[in-house]
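First up is the structure itself, then whatever we jot down about it.
Labels below follow one simple rule: chain letters A, B, ... track the order of the sequence lines, proteins then strands, and each chain is numbered from 1.
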Number of protein chains: 2
Amino acid sequence: MKYTKKQRQEKLQNKIIENPFITDEDLADFFSVSVQTIRLDRLALSIPELRERIKHVAREHLDDVKALPEEEVIGEIIDLQLDKEAISLLDIKKEHVFSRTGIARGHYLFAQANSLAVAIIDEKMALTAKASVHFHRRVKEGERVIAKAEVKGTKDGKTIVHVVSNVKEEMVFYGEFSMYRSGK
Amino acid sequence: MKYTKKQRQEKLQNKIIENPFITDEDLADFFSVSVQTIRLDRLALSIPELRERIKHVAREHLDDVKALPEEEVIGEIIDLQLDKEAISLLDIKKEHVFSRTGIARGHYLFAQANSLAVAIIDEKMALTAKASVHFHRRVKEGERVIAKAEVKGTKDGKTIVHVVSNVKEEMVFYGEFSMYRSGK
DNA sequence: CCAATGTTATGACTAGGTAATAAAAGTAGT
DNA sequence: ACTACTTTTATTACCTAGTCATAACATTGG
């Protein structure tokens, strides 16, 4: 025999993670055992059946795509006084960090700050013209970044917004954004 | 009767887009028609059955999660000479633009430039310290942004990278990045 | 009123399973 | 070599959410 029960079950788990769309029959072929054995294995490992697996993957996706366009903002806005100040919150998760180091990629902090700068403008449309940003400290997975934006005034039609992002009491990011606004 | 055939089929389409997990039976209940009618409707609209719908959504998701961590870069790198220059390409799609205006959100252009600046550094790890960026022209859905990064030199341990992004011959973005590098 | 369109019902079949039960095969210990 | 136990396989009945084909019934417009 090729594998012991334990070995097979380990491999099985990997196989299914790798390709959640595989049927018991295909697995049975692959391991040269009967379908029933595969089913006992899944039962033992509490791996749900193909359809449930697919459903699960699909639901995750649906949550993703629903979460994004709903709020065209990176991070969750928790306070917003138009043309004055705004605060948003971003929890740094796996998808935001370099997988090797666990350090957040700069453009997510930028994105949080930038989209907050867009949101704060009391206009149907706002676009970033210029930005000058500083990354003060690396942010790690699991940390919560709170960005605070403040409108500093207007200079030749462009609104200047300052954004300071903190993790707890520590400043991790600072940016100055110069925003076009659609208003006449 | 509540709806005509046409009205029902339109509503049906929306219903399914809204919640692809709904069964024919639930739909039949909702519209107070028989399951068979729903099936004829789906057939007419060529909407696949529940399981196929779910599978499709799941596959998209799988592609997403597989595509992202593979290359930790926004855009596709088409040329890379470490510590010299690099070029990447980003096709602006629906998910990159403000849905109302079709104009690309600034942080995607930033992300493309920033991740190119990270990639160009010949080191296991590179992080952005500072960045100064200008958005010269709005980029629209369907346009292809080509970012070109050049290493300009090193100043107190930080590498200066310039990134110019063009759509066709027109410059749309310019950024100067100051990068930390892990090297001793 | 009758023909066309729309709707519902029925029966046979499918994939990819669950669950329960039984039988067979392999592995150890003595 | 025989028993005891684990592991694997087979069998049967059932399930969901469909497919496809055929037939009958209902509604509406002209």
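Of the two residues near DNA chain C, Asp41(B) and Lys55(B), the one whose nearest nucleotide lies more 5' is Asp41(B).
Counting only heavy atoms from C-beta on, Asp24(B) has its side chain closest to dG18(D) among dT7(C), dG18(D), dT7(D). Of the listed nucleotides (dT9(D), dG18(D), dG16(C)), dG18(D) has the atom at the smallest distance from the side chain of Glu49(B).
Between the NZ atom of Lys6(A) and the C1' atom of dT6(D) there is a distance of 13 Å, given to the nearest Å. As rounded to whole Å, 10 Å separates atom P of dT19(D) from atom CG of Leu50(B). Rounded to a whole Å, the CZ atom of Phe31(A) is 17 Å from the P atom of dT7(D). We find that CD1 of Ile54(B) is positioned 19 Å from P of dA15(C), with the value rounded to whole Å. Between the CG atom of Leu40(B) and the P atom of dT19(D) there is a distance of 10 Å, rounded to whole Å. Atoms OH (Tyr3(A)) and P (dG26(C)) sit 20 Å apart, rounded to a whole Å. The CD1 atom of Ile38(A) sits 14 Å away from the C1' atom of dG16(C) (whole-angstrom rounding). We find that CZ of Arg53(A) is positioned 10 Å from C1' of dG16(C), with the value rounded to whole Å.
Arg8(B) comes within contact range of the sugar-phosphate backbone alone, with a heavy-atom separation under 4.0 Å but no base atom that close. Nucleic acid contact for Arg42(A): sugar-phosphate only, since backbone atoms but no base atoms lie under 4.0 Å from a heavy atom of the residue. Residue contacts shown for Val33(B) are limited to sugar-phosphate atoms, with no base heavy atom under 4.0 Å away.
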Contact string for nucleotides 19-24 of chain C, one letter per nucleotide 5' to 3', B = base within protein heavy-atom range under 4.0 Å, S = sugar-phosphate only, - = neither, reads ------
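Classification of Arg181(A) and Asp83(A) as a salt-bridged pair holds, one side-chain N sitting under 4.0 Å from a carboxylate O. Ion pairing between Glu143(B) and Arg137(B) holds under the 4.0 Å rule for side-chain N and carboxylate O.
Under the 3.5 Å distance criterion, the side-chain polar atoms of Glu10(B) are left unmatched by any main-chain donor or acceptor of Lys5(B).
Cluster membership check: Leu40(B) does not share its hydrophobic cluster with Phe31(B), using side-chain heavy-atom separations under 4.5 Å among Ile, Leu, Val, Met, Phe, Trp and Tyr.
Taking the six-membered ring where tryptophan is involved, the planes of Phe135(B) and Phe110(A) are tilted, since the angle between them lies from 30° to 60°.
Side chain Arg51(A) to base dA17(D): no donor-acceptor pair is found below 3.5 Å.
His107(B) has its ring centre no less than 6.0 Å from the ring centre of Tyr108(A).
One finds no side-chain N or O of Ser34(B) lying less than 4.0 angstrom from the OP1 or OP2 phosphate oxygen of dT7(C). Note on Thr23(A): every side-chain N or O is 4.0 Å or more away from OP1 and OP2 of dG16(C).
Scanning both residues, Lys158(A) and Ser178(A), for their nearest heavy atoms gives CD-OG, 3.5 Å.
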